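Below, read A as the first sequence line, B as the second, and so on, with proteins coming before strands; counting in each chain starts at 1. These numbers come from a predicted model, not from an experiment. In what follows, every heavy atom counts, from backbone to side chain, and hydrogens, waters and symmetry copies are set aside.
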2 protein chains.
Amino acid sequence: MEIYKGKKKQYFMEQHSIAHLFSFPVEEFIEVREYKRDEWIIQEGMRPDFLFYVIGGKAKIYITHQNGKVSLINFINANEYIGEMELLNDVYYTKGIQASTKTICFALPIHRYRGQLLEDAKFLRELTKFLSVKASVMAAKYSQSLAFPLENRLADFILQTADEGVYKEKHVAVCDYLGVSYRHLLHVLTQFCEKGYMQKDGRVYHIKDYASLHALADVLGNR
Amino acid sequence: MEIYKGKKKQYFMEQHSIAHLFSFPVEEFIEVREYKRDEWIIQEGMRPDFLFYVIGGKAKIYITHQNGKVSLINFINANEYIGEMELLNDVYYTKGIQASTKTICFALPIHRYRGQLLEDAKFLRELTKFLSVKASVMAAKYSQSLAFPLENRLADFILQTADEGVYKEKHVAVCDYLGVSYRHLLHVLTQFCEKGYMQKDGRVYHIKDYASLHALADVLGNR
DNA sequence: GTAATAATATGAGATATCTCATGTTTTTGA
DNA sequence: TCAAAAACATGAGATATCTCATATTATTAC
């Protein structure tokens, strides 16, 4: 992890100003941090001392279960908060947050700002919206995971992550994300190829039949 | 649905005062409503005109999928909000909310209070906490549903809902809640009986072996 | 009260998904 | 650059879960 200083810090604070999110100045004690791919921004079980606001990159929320299984609960993208649970709740089991790409974020020291933040309607209003969306998304994922087999959820995921008709996510990450075994994921991918929806080329897959994939994904009803 | 008036209304507003949740008076346009068991408080897909605050009873959040499956996403208990998603988000697919027992709640007309509510730090702070817990609970349920078989989740559910050693939830409701088929639920319940964890007596089950059920439930790691 | 509806129950066969075993290829770190 | 670690790949058998079919009770509505 690198903490930006001087001009570099100034640059990011100007380029990605978050002044509009607060009704008081937060510049004084803010840090601009860069985490490398795979670095842990928050360790599972360890309360963070900062409230983070992501301005670039992508991170992953993980939780480890007692049976050793690891769930990738969700991704965090630019313009989203990290550590807001700990800011709000005195008791909370902290999940692990890992940078999935190089990730740049602002870090607000909680001990300095907590009181003011919890009195700031502007901040709270935006955070409330963010959390309401987060809760809805989790509810949707939860009910979909119970109501539909991998086939549908994978089709949706492929369409969401494919870039110019090419799907090339890492299988291991997708397993964690969709909550299925490696073996089963490969199985369903093979089926998609056999049915002509995709074509495997080395390590990547080319989408050949968008219509069929869409048909599978649409029944999830992600609105 | 019945709207309380006069003395009855006064009684509930005094007994369950929510003045401490707002920094401005909300009494003027508030309604006190009673919904009967199985009545719909909010119809799926229909935006509500009120923000509800439950003061008694229990309600269920449902979503209907395109394949006809219905998921019971979660329960709502006393001192929780209903309709907060619609208050916050202009576009939102409204889920169905059904009273699970007789449910009494306050109803605040959104068109009258929306502006003030979204400026009220006191209200927003509490709502933010509520939503953060909601998001966490959904995340936990999501990851548990992927990481553990019904056996574990059912053991947890039985321990949470049993009253004095007696489990007597309706099977159909439990299926929706745990997201499994009726057939499979009965199958696992039968296993629990065969293993001596419970004993079936007519339509109810008596818990015989708390230790084993706890062992199954504990691996979920619900902290 | 009686017919309709919802809930309980159970069997049998299908399918979705998992575990384990084993081998190859790619990436990473000293 | 080489060894270790991670990711990819595939087979085979087990298990969790689903669908469908069919009865038997409760509950509800008229």
According to the interplanar angle, ranging from 0 to 90°, do the rings of [X] and [Y] count as parallel (below 30°), tilted (30 to 60°) or perpendicular (above 60°)?
X	Y	answer
His187(B)	His184(B)	perpendicular
Tyr177(B)	Phe75(B)	tilted
Tyr197(A)	Phe192(A)	tilted

Nucleotides 13-22 of chain D: which of its N/O atoms have a protein N/O under 3.5 Å away?
from: dT17(D); atom 1: OP1; to: Leu150(B); atom 2: N; distance (Å): 3.3
from: dT17(D); atom 1: OP2; to: Leu150(B); atom 2: N; distance (Å): 3.1
from: dT17(D); atom 1: OP2; to: His184(B); atom 2: NE2; distance (Å): 2.9
from: dT17(D); atom 1: O5'; to: His184(B); atom 2: NE2; distance (Å): 3.2
from: dC18(D); atom 1: OP2; to: Ser181(B); atom 2: N; distance (Å): 2.7
from: dC18(D); atom 1: OP2; to: Ser181(B); atom 2: OG; distance (Å): 3.1

* With the threshold set at 4.0 Å, does a side-chain nitrogen-carboxylate oxygen contact exist between Glu39(A) and Arg33(A)? ->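 No, no charged N to carboxylate O under 4.0 Å.
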How long is the line joining [atom1] of [X] and [atom2] of [N], in whole Å?
X	N	atom1	atom2	value
Leu189(A)	dA7(D)	CG	C1'	14 Å
Leu186(B)	dT8(C)	CG	P	8 Å
Asp38(A)	dA7(D)	CG	C1'	13 Å
Lys36(B)	dA29(D)	NZ	P	11 Å

Look for any protein N or O under 3.5 Å of an N or O in nucleotides 25-30 of chain C and output each such pair with its distance, or none.
none

* Neighbour count above 12 (heavy atom, 6.0 Å) for Tyr11(A) OH ->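 Counting other residues, nucleotides and ligands, OH of Tyr11(A) stays at 12 neighbours or fewer.
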* To do: Check the pair Tyr92(A), Lys95(A) against side chain to side chain donor-acceptor pair (under 3.5 Å), reporting the backbone distance first and the verdict last.
  => CA-CA 9 Å; Tyr92(A) 177 74; Lys95(A) 296 175 182 58; 3.0 Å; yes
* To do: Could you go through the side chain to side chain donor-acceptor pair (under 3.5 Å) check for Tyr4(A) and Gln10(A) one step at a time?
  => CA-CA 9 Å; Tyr4(A) 293 175; Gln10(A) 280 320 116; over 6 Å; no
* **Separation between NZ of Lys129(B) and CG of Leu87(A), rounded to the nearest 0.5 Å** =>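 So the gap between those two atoms works out to 9.5 Å.
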* **Approximate separation, where rounding is to 0.5 Å, of Ile55(A) CD1 and Ile18(A) CD1** =>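 Output value for this atom pair is 8.5 Å.
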* Asked: Can Thr94(B) and Glu86(B) be counted as having a side-chain donor-acceptor contact under 3.5 angstrom?
  ->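 The answer is yes; a qualifying pair exists.
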* Kindly calculate the angle separating the two end axes of the helix from dG1(C)-dC30(D) to dA30(C)-dT1(D), each obtained from five base pairs, and round it to 10 degrees. =>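 Axis-to-axis angle, ends of the helix: 70°.
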